[in-house]
Amino acid sequence: MPAIIDGKKISQDIKDELKEQVSLLKEQGKGVSLAVILVGEDPASCVYVRNKKRACEYIGIESLSYELPEDTTEAELLSLIEELNGKDDVNGILVQLPLPKHMDEDKVIKAIDPRKDVDGFHPQSVGALSIGLPGFVSCTPAGIIQLLKRSNVEMEGKNCVIVGRSNIVGKPMALLMLRENATVTVTHSRTKDLPAVTREADILIVAMGKKQFITSEYVKEGAVVIDVGMHRDENNKLCGDVNYDDVAPKCSAITPVPGGVGPMTIAMLMYNCVASANTTEE
Ligand code: GUN
């Protein structure tokens with residue numbers, strides 16, 4: 001049977017390390033604070049925001065909560081971001097996505113000061129990642145790198161195949177795996193003969209958003225499989241993009257859903273907040 005990559009445990013370890021760092025920063029008179037902006041009442045977004053605030057509380061990060069009504073104008077949101085950009089005691093700004101339809105998400109993301117862009121979504125953060133400059137890295141792919149490193153999965157020289165090319169996961173994941181000296185292939189909905197490509201993977205990272213799509217025919221014997229998907233199956237149980245029961249016996253290691261990649265996203269958001277506080281000038 002494969003090794004189960006325990007995201008719950010690894011994310012807890014990271015949060016405990018950060019808690020320690022935050023308490024050291026506090027001894028030096030430095031606080032860490034994250035502004036969390038939620039527009040409207042999308043139920044999933046409310047749950048994510050609540051979990052982010054809870055993680056802040058655990059680590060000792062101050063969370064400033066801005067819960068704005070659905071009919072907030074784009075100008076009002078931009079003006080709040082501008083105000084938070086100017087506050088020296090705010091280290092991170094997070095605007096929960098998706099935004100209501102009357103707002104231009106790209107414009108809103110671009111308004112965040114890149115020094116406070118703890119989601120790593122600003123074009124400057126993405127550009128910095130692509131040419132190897134310092135900057136914030138999107139939390140889910142950064143969390144996957146931590147899962148692999150802390151599970152002692154060698155990346156250098158390995159074939160890594162990524163399924164999905166989103167701006168938030170697939171593309172930054174490819175850049176991070178390149179940084180680790182893996183040989184990287186990015187596949188997507190127009191890829192021809194996907195199983196033939198994914199079967200080449202020593203490390204297969206699936207972020208395609210299709211429930212239990214990846215079966216054993218897509219996986220090489222002994223591969224490491226990372227599942228970014230999050231769905232509900234016919235019994236209303238959480239499941240991923242990978243058909244776990246079919247794929248697991250073939251792998252050397254695999255992430256479960258839930259308890260794999262999911263918990264890492266918030267841990268890395270917290271990591272980015274602490275990093276932001278550490279790089280803030282006096
Ligand atoms: N909506 C779903 N995932 C995310 C995320 O990682 N960050 C933000 N800001 N919104 C999201």
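This chain uses plain numbering: 1 for the first residue, then up along the sequence. Each ligand, and each atom within it, is numbered from 1 in the order the structure gives.
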Proximity of Glu105 to ligand 1 by residue part, where a heavy atom lies under 4.0 Å
neither
Return yes if some donor-acceptor pair links the side-chain N/O of [X] with the main-chain N/O of [Y] below 3.5 Å, else return no.
X      : Y      : answer
Asn181 : Glu156 : no
Lys250 : Gly222 : no
Asp202 : Ala223 : no
Thr191 : Leu194 : no
Asn235 : Lys237 : no

Distance-only N or O hit between ligand 1 and [X], under 3.5 Å:
X      : result
Leu97  : yes
Tyr48  : no
Val95  : yes
Thr265 : no

Measure across Val95 and Asp119 and return the closest heavy-atom pair with its distance rounded to 0.1 Å.
O-OD2, 4.2 Å
So which heavy atom in the protein is nearest atom 3 (N) of ligand 1, and how far is it from that ligand atom?
Gln96 NE2, 4.4 Å
What protein heavy atom is closest to atom 8 (C) of ligand 1, reported as residue, atom name and distance in Å?
Asp119 OD2, 3.4 Å
Is it true that Lys52 lies under 4.0 Å from ligand 1, counting heavy atoms only?
yes
